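In this text the structure is predicted, and so the values were computed from the model without any measurement.
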Amino acid sequence: MADRKLPVIEKRLTLKQSLKHLMHYAKRYWKEYTISFVSIVLTCIIFIFMPVVEGKIITQLQMDITAIYNHVAGAHIQMDLILAGIGGLFMVMIGKTITQYVTAVYLNRAIQNTMYDLRQAISQKINRLPISYFDAHQTGDLLSRITSDVESLSNALVVSLDQALNALIMIPAMMGMLFVINKQIFLIVLIGIPLILLLSFTVVRKIQPVFDLQQQTLSNMSSTINEMYSGVSEILIYNRQDFAIDQFDEVNAKMRDVGFKSQVYSGLIGPGSNFITYMVIAFSILFGSFQVLNGNLALGDLQAAIRYIWNINDPVSRISQLTNALQSGYSGMNRLFSFLTLPDEVQTETKEKINEVQTIDFKHVAFSYTDQPLMQDMNFHVQDKQTIAIVGHTGAGKTTITNLLERFYEIQGGSITINDQDIRDLSYKDLRDLIGLVLQDPWLFEGTIEENLRYAKDGLSQSDLEHAIEMASLQETIARLPQGMQTPLTEDGANLSQGEKQLITIARALLKDPKILILDEATSSVDTRLEKKLQQAMDAIMKNRTCFVIAHRLSTIINADRIMVIDQGNLIESGTHHELLKKNGAYAKLYNSQFQDEPDLLTSAS
């Protein structure tokens, strides 16, 4: 098959665009966010007044000790006032603890609900994307979006919302308190804060591409691991363990290098901001001490001022701790919403529902996966309940025909009709309700055999299941299993043979009761003994249905009503088995090449 181009390109969103999308999901939980934000504000207010209370206790002690030192009559340590201050401080701490607890409960509940909705949106998006998207993207990339990207965003929100709002309130409020306490100290701090912010934002801007690369590398690692362990049998049988280890080492080393670079860069903020803060505190203490000695500043006020300086530095210096979470969160958020804003598969409404299939027609159909044309003028007509076999070399375009009938891809010219109605005038659901599919590699999910069978359609009765099991020759398989139909299947049915898995998918297709059945090389991955059993099951399911059989083993399609030979996307021959053998053309060459060592088969076929 021709190489497939990317169906869509994910566009990188700006921070503003990403936040707008995030707000769409967050606003559903505005009550929880509001309660948590109010609690954060209350926590900030309490926190702002704590240094004042502490300062008053220190100032009271200073005044009492000074009075005692100066032999003022009746001077003593006024424990009632000091204990009252300590009691007030204790009550403030209790209030702070309560508001912090409320914040933790409601903020985390709101964030986790938002993340739940995001994961749901991703899951729904996956089911609305054209199949061409999945041909062009690795499974690990999708896994990374629904796990690590969402988790990065969740961590960033948990860490940053609380602290960002804290900083927004605390910094200006505490600067105001500093201004009230001492204007000169306020000016010293006013010089230091812009330096810290300049350092922080410069580093953050520089390292954002590194965090984007880190998220992409994490996605690549997920894809590598998924690929390695889904193909573990092949790795072992070809003794390619060293190659697999080297492959993982390469992506792991890249993850290490990118992670090291992001940590080192973000680590520059903490030491740099702390150095500036220490210098600000040093100058403030030096200046404040002279003020205290000169009697222009109370000792408690100096202590409160130092606390405020530390408290101002705290939210700023935490940027170094937040940098990883914020940058990863933004990268994850960007990848998430870039994915969620991809165009959906265009949905159409059914103009006239089809209940029975009389005819299927390909009329001048043109299609290409890339800029290079694959199919330019495909024409054929199929009558109700005919079996059409499609043969040709690998990559000739056999599966493309059925992909277009299923509208997994949209044609670029001509039309495909059922009962003379263009399939584009049917919704995807109504079109695909008509079609059953059995692939070369059977797909089963973790669950019981019965659950896999009931996947076909809602409302199936037990007698429906038993009939399908009988028609698909599944009785022996189910009888030998200790739990029968309740036998749990491992991932992709690994505890069954290939043939047994295929029989289950045939039974499942039968339970759907489709009007059109597509068998895509359904027997090519089993041995000839099982092929006969599978062929019997397929003969049963094909009765009274319009069938398309994509066949590699030509022995399985000798009795087809018509055989179409495809080459490079073009229909080059069409007819019954005997008609095509008499032509001695492309089909005859294919057939003879398969059975040149089996003359008896050739004789009987002729």
Side-chain angles (χ1 to χ4, degrees), residues 8-34 36-38 40-41 107-108 110-122 124-125 128-129 141 144-172 193-194 196-219 262 265-266 269 315-316 318-344:
V8 284
I9 298 174
E10 295 179 33
K11 296 180 180 178
R12 181 175 175 81
L13 303 178
T14 64
L15 177 60
K16 183 179 179 180
Q17 290 172 324
S18 298
L19 289 174
K20 184 178 179 181
H21 287 294
L22 179 61
M23 286 300 297
H24 170 73
Y25 293 92
K27 68 182 180 182
R28 302 172 193 176
Y29 307 102
W30 66 270
K31 290 182 181 178
E32 288 87 347
Y33 281 112
T34 301
S36 60
F37 290 166
V38 169
I40 290 171
V41 171
L107 186 58
N108 278 286
I111 289 172
Q112 292 310 316
N113 282 333
T114 304
M115 295 306 105
Y116 170 83
D117 288 351
L118 262 175
R119 283 188 286 265
Q120 288 291 97
I122 295 168
Q124 292 167 12
K125 185 68 177 183
R128 295 197 305 268
L129 287 172
D141 182 62
S144 176
R145 293 179 195 274
I146 208 165
T147 53
S148 62
D149 286 348
V150 173
E151 192 62 25
S152 295
L153 178 56
S154 175
N155 290 338
L157 290 176
V158 169
V159 173
S160 64
L161 280 180
D162 185 4
Q163 296 188 13
L165 190 55
N166 256 291
L168 194 64
I169 298 169
M170 298 273 281
I171 292 175
I193 287 182
I196 296 174
L197 293 175
L198 179 63
L199 169 69
S200 301
F201 288 121
T202 300
V203 174
V204 167
R205 190 176 66 254
K206 291 288 186 183
I207 64 174
Q208 181 59 57
V210 178
F211 279 91
D212 290 342
L213 181 60
Q214 188 177 37
Q215 288 298 112
Q216 184 57 51
T217 306
L218 185 60
S219 171
S262 65
Y265 285 173
S266 60
I269 300 174
V316 177
R318 282 189 187 181
I319 292 176
S320 62
Q321 302 168 27
L322 291 174
T323 299
N324 285 353
L326 289 173
Q327 300 283 23
S328 297
Y330 172 53
S331 296
M333 179 170 62
N334 198 290
R335 279 166 50 85
L336 283 174
F337 294 123
S338 295
F339 174 74
L340 288 172
T341 52
L342 288 173
D344 290 349

Inset, instruction - With rounding to the nearest 0.5 Å, note down the distance linking CG in Asn113 to CG in Leu118. - result: 11.5 Å

Legend entry - Reported CD1-to-OG distance for the pair Ile111 and Ser36, which is rounded to 0.5 angstrom: 7.5 Å

Legend entry - Straight-line distance of Gln112 CD to Leu157 CG, nearest 0.5 Å: 9.5 Å

Legend entry - CD1 on Ile169 to CZ on Phe37, rounded to 0.5 Å: 10.0 Å

Inset, instruction - Taking the side chain as every heavy atom from C-beta outward, state whether Phe339 and Leu336 have any atom pair closer than 4.5 Å. - result: no

Show me the donor-acceptor pairs, under 3.5 Å and distance only, between side chains in residues 20-31 and residues at least two apart or in other chains.
residue: Arg28; atom: NH1; partner: Asp117; partner atom: OD2; Å: 3.3
residue: Tyr29; atom: OH; partner: Asp117; partner atom: OD1; Å: 3.3
residue: Tyr29; atom: OH; partner: Asp117; partner atom: OD2; Å: 2.6

Inset, instruction - For Pro343 and Lys125, work out which heavy atoms get closest and say how close. - result: C-NZ, 4.2 Å

Legend entry - Value rounded to 0.5 Å, distance of CG in Leu153 from CE in Met115: 4.0 Å

